[in-house]
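As C-alpha cells, the structure follows; a few thoughts come after it.
When reading the values below, keep in mind they use all heavy atoms of this one structure, side chains included, and skip hydrogens, waters and symmetry mates.
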Amino acid sequence: MHSTLDIPSLNANPTPNRTIIIGGGIVGASLAFHLSTKSAHHIILIDKDLQTQLGSTGHAPGFVGQLNESPVLTRLAQDTVSDYLSIPGGFNTVGGLELTSTPSGLETLRRRRNLAKEAGLPAELVEPEEAASLAPNFVDGSSVAGGLFFASDGTADAKVITSYYLEHARDRGVDFLQAAVTGFRTKKGDDEYIARIATIRTEDGDINSENSIVILATGIWTSSLLSTGNTSPITQLPIPIVPVAHPYTFTRPRPPRAGKPSPFVRWLDHHIYARDHGDRDGMGCYNHAPVLLNPDRSAIGGWLSDFEQVLADASSVPKNGAEFQVSGHSAASVEEPEVAEKGPFNGIFAVTPDNLPLVGRVPDVGNLWLCAAIWVTTAAGAAKLLVRKLLADGAAARGDAMLLDALSPKRFWGLEPDLLIERALAQYNDIYNRGAGRR
C-alpha cells in the first residue's frame, strides 16, 4: 500500500465529514474497511509505514480462542471470527485445545465448557488419549489429565486479513498517507471544558484536523502518543494501555505435515501455548514476571536474556519441546516482523488494568476516539462496534450499549495512572486464567 495523498494537498483541500484513522494494523485497517462500506465520510488512514506492519499485527501468533471469562470479549471474538471467515485465506478453523494435568484444572475446564455452551460455542471435554490424537506432535497423553476442545476456534493470518481490509478500503475511496505521527495540538471547542484536536503533528509536517473525527488505532503506542510531543496534556483521562514484553519462539524449518491440521494448544497450568505454522511450530509463554517496555518504531523489542530460561522451562511441556529454539538475539530492536529468521523474539503487546480494550470517545476531547489495546482475536468485532457508534446506526446490534459501556475509555476517569499501570502488569500472568487464547 502506498500514499494516495500528501500533507500539503490534504491541508489545502479540507473536506466535510472527514475521518482520520491513525494506525494501519489490523484494527485500523478493519475500521477503514467497515467505515467505508457504510459512510460517505472522507476517510484517511495514516501510518508510519504502509508497506511493513511494524505494530503487533506483524508478529501476532494468530491464535483465536473465542471463549473468554469476560462475556464482552467473547462477544467481540465471535463477531470477529464471523468477519474473518469471509476473507479468503484469513482464518483456518483448526480448533483450539486447552489442557490440564491437575484435578483443579479439570474443574476449570468443566466450568469453561459450561460457559461455552451459554455463549453458543461448541466445546467438548476430551480424555487424555483423544487430546493426544488431536495434536499428536504437541501432546503426550500420559502427561495430561484431560482437555477441552473448541471446534470453531482457529488461527488467523493477520497479515492476509489486514491486506484484504486495506485493499478493499482503497477500492472504496479511502485515502492513505504514510507519515509518522508525533503528537497533537488541541484548542478549546464550543464547550469551554471540551477540547478538540486541531492539529496532528507528524515528522513531515502538521495536518489540520479541527473539523475531523480522529481515531487512534495505535495499539502499544497509544498512551505515549497522547503524552509526548505535546505542549500540554491532550486529555486528563488516564490511558492505561501498557506495552509488555513477551517471548515467542519457533522450531527449525521443516516440511509441512500431512493430514488434518493440528489445533492450537494451550497448557493452562503452565501458561504456555503452541501452534503449527505450516513450515515450523511456534510456542509462547506467559510464565515470567511482567516487563514494562517503551517501544520505539517497532513492536519487536530487544531480546531479554532472562527469556532464554523462560523458554527453556517452557520447552519441557510440549511433546516436541526439544525442537524449539531458546537462544535469542541481542539486537536492541528489529523493524522487520520476520525477526532473526524465525528465531526467538520479544513480541511487544498491550495489556490494560481489566484486560479489556479501550473503544469509544475520549470524554474531554470532542473529536478524539480510541480503538486500542485490541488483539487479533477481537479486532474486527471492536472495529465494527465503533463504526456503528460513530454512525449512530439504527441497525446497531443488540447489546451494543452494554459493550460500549464496558469498553469506554472513561471507565478509568479519576484513577491514579501509576496504580493503573500496576494493575495492568498484574494482568499479564493471568491472561490464560481469565481470557485463554486472546492472541
Taking it one step at a time, do Arg196 and Glu210 satisfy salt bridge (charged side-chain N to carboxylate O under 4.0 Å, His left out)? CA-CA 6 Å; Arg196 293 184 66 82; Glu210 184 175 352; 5.8 Å; no
So Leu407 and Leu385, side-chain contact (heavy atoms from CB on, under 4.5 Å) or not? Walk me through it. CA-CA 10 Å; Leu407 303 176; Leu385 175 67; 3.8 Å; yes
As a quick check of understanding, evaluate side-chain contact (heavy atoms from CB on, under 4.5 Å) for Ile20 and Ile46, giving each step before the final call. CA-CA 7 Å; Ile20 299 174; Ile46 303 174; 3.6 Å; yes
Asp281 and Asn137: side-chain hydrogen bond (donor to acceptor under 3.5 Å, both in side chains), yes or no, with the steps? CA-CA 10 Å; Asp281 296 326; Asn137 297 287; over 6 Å; no
Going through the checks in order, is the salt bridge (charged side-chain N to carboxylate O under 4.0 Å, His left out) test met by Glu203 and Lys48? CA-CA 9 Å; Glu203 292 179 355; Lys48 58 190 167 189; over 6 Å; no
Where do Cys371 and Leu31 land on the side-chain contact (heavy atoms from CB on, under 4.5 Å) test, with the steps shown first? CA-CA 9 Å; Cys371 199; Leu31 281 167; 3.9 Å; yes
Could you walk me through whether Val317 and Asp269 satisfy the side-chain contact (heavy atoms from CB on, under 4.5 Å) test, starting with their C-alpha distance in whole Å, then the side-chain angles of each, then the deciding distance to 0.1 Å, before giving a yes or no? CA-CA 10 Å; Val317 177; Asp269 308 326; over 6 Å; no
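Ser408 places a side-chain N or O within 3.5 Å of a backbone atom of Lys410 that can act as its donor or acceptor partner. A donor-acceptor pair is defined here as one N or O able to donate and one able to accept, closer than 3.5 Å; no such pair exists between the side chain of Gln325 and the backbone of Pro344. One N or O on the side chain of Ser101 and one on the backbone of Ser143 form a donor-acceptor pair closer than 3.5 Å. At distances below 3.5 Å, not a single donor-acceptor pair connects side-chain atoms of Asn346 with backbone N or O atoms of Pro247. When atom types are taken as modelled, the side chain of Arg275 and the backbone of Pro61 share a donor-acceptor pair closer than 3.5 angstrom. Of the possible polar contacts, one joining the Ser223 side chain to the Ile241 backbone as a donor-acceptor pair under 3.5 Å is found. At distances below 3.5 Å, not a single donor-acceptor pair connects side-chain atoms of Arg113 with backbone N or O atoms of Ala123. The backbone N or O of Gln66 sits less than 3.5 Å from a side-chain atom of Asp153, completing a donor-acceptor pair. Side-chain atoms of Thr162 do not come within 3.5 Å of backbone N or O of Lys159 as any donor-acceptor pair. With Ser82 contributing its side chain and Gln78 its backbone, the two residues share no donor-acceptor pair below 3.5 Å.
Between Tyr428 and Tyr286, the ring centre distance stays below 6.0 Å. For Phe349 and Trp375, the ring centers sit closer than 6.0 Å to each other. In this structure, His277 has its ring center closer than 6.0 angstrom to the ring center of Phe250. Side-chain rings of Tyr273 and Phe264 stay apart, their centers remaining 6.0 Å or farther from each other.
Between Thr352 and Pro357, the closest side-chain pair of non-hydrogen atoms is not below 4.5 Å. Phe412 is listed as a side-chain neighbour of Leu358, based on a closest heavy-atom distance under 4.5 Å. Within the 4.5 Å cutoff, side-chain heavy atoms of Ile200 are placed close to those of Ser209. Between Leu45 and Leu166, the closest side-chain pair of non-hydrogen atoms falls below 4.5 Å. With contacts defined as side-chain heavy-atom distances shorter than 4.5 Å, the pair Ile26/Ile161 qualifies. Contact check for Glu98 versus Val265: no side-chain heavy atoms found under the 4.5 Å cut-off. Residues Leu35 and Leu391 form a side-chain contact, since some pair of their non-hydrogen atoms from C-beta on lies under 4.5 Å apart. Looking only at side-chain heavy atoms (C-beta outward), Leu425 and Val242 come within less than 4.5 Å of each other.
Put simply, OG on Ser212 and CD1 on Ile43 are 12.0 Å apart, with the number rounded to the nearest 0.5 Å. With rounding to the nearest 0.5 angstrom, the CH2 atom of Trp267 is 6.5 Å from the CZ atom of Phe138. In this structure, CG on Leu386 lies 12.0 Å from CG on Leu403, to the nearest 0.5 angstrom. With rounding to the nearest 0.5 Å, the separation of CD1 in Ile234 from CG in Leu225 is 9.0 Å. Within the model, atoms OG1 of Thr235 and CD1 of Ile197 stand 9.5 Å from one another, a figure rounded to the nearest 0.5 Å. One finds the CD1 atom of Ile194 at 11.5 Å from the CG atom of Leu368 (value rounded to the nearest 0.5 Å).
The existence of a salt bridge linking Asp276 and Arg257 is confirmed by a sub-4.0 Å separation between a basic side-chain nitrogen and an acidic carboxylate oxygen. Classification of Asp354 and Arg411 as a salt-bridged pair holds, one side-chain N sitting under 4.0 Å from a carboxylate O.
Across Val139 and Lys319, no two heavy atoms sit closer than the pair O-CD, 3.7 Å. Nearest heavy-atom pair, Ala274 versus Phe63, reported as atom, atom and distance to 0.1 Å: O-CE2, 3.4 Å. What you find for Ser152 and Leu121 is that their closest heavy atoms are OG-CD2, 3.9 Å. When all heavy atoms are compared, the tightest approach of Asp400 to Arg75 is OD1-NH2, 3.9 Å. Closest of all the heavy-atom pairs between Ala119 and Thr74 is CB-CG2, 3.9 Å. Of all heavy-atom pairs between Gly147 and Leu99, the closest is CA-CD2, 4.1 Å.
When only modelled atom types and interatomic distance are considered, Gln236 and Asp364 share no side-chain donor-acceptor pair under 3.5 Å. Thr155 and Asn92 share no donor-acceptor pair across their side chains, judged by distance under 3.5 Å alone.
Among pairs with a residue in residues 17-36, those fulfilling side-chain hydrogen bond (donor to acceptor under 3.5 Å, both in side chains) read Thr15-Arg18, Thr19-His41, His34-Asp83, at least two apart in sequence or across chains.
Within a 6.0 Å radius of CD in Glu422, other residues, nucleotides and ligands contribute 12 heavy atoms or fewer. No more than 12 heavy atoms of other residues, nucleotides or ligands shown are found within 6.0 angstrom of CD on Glu416. Heavy-atom neighbours of Glu167 CD from other residues, nucleotides or ligands within 6.0 Å: above the threshold of 12.
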Side-chain donor-acceptor pairs under 3.5 Å in residues 170-180, sequence neighbours left out?
{"residue": "Asp175", "atom": "OD1", "partner": "Thr4", "partner atom": "OG1", "Å": "2.7"}
{"residue": "Asp175", "atom": "OD2", "partner": "His42", "partner atom": "NE2", "Å": "2.8"}
{"residue": "Gln178", "atom": "OE1", "partner": "Leu50", "partner atom": "N", "Å": "2.9"}

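Remark: Lys389 fails to qualify as a cation-pi partner of Trp369 under the 6.0 Å distance and 45° angle criteria applied to the six-membered ring.
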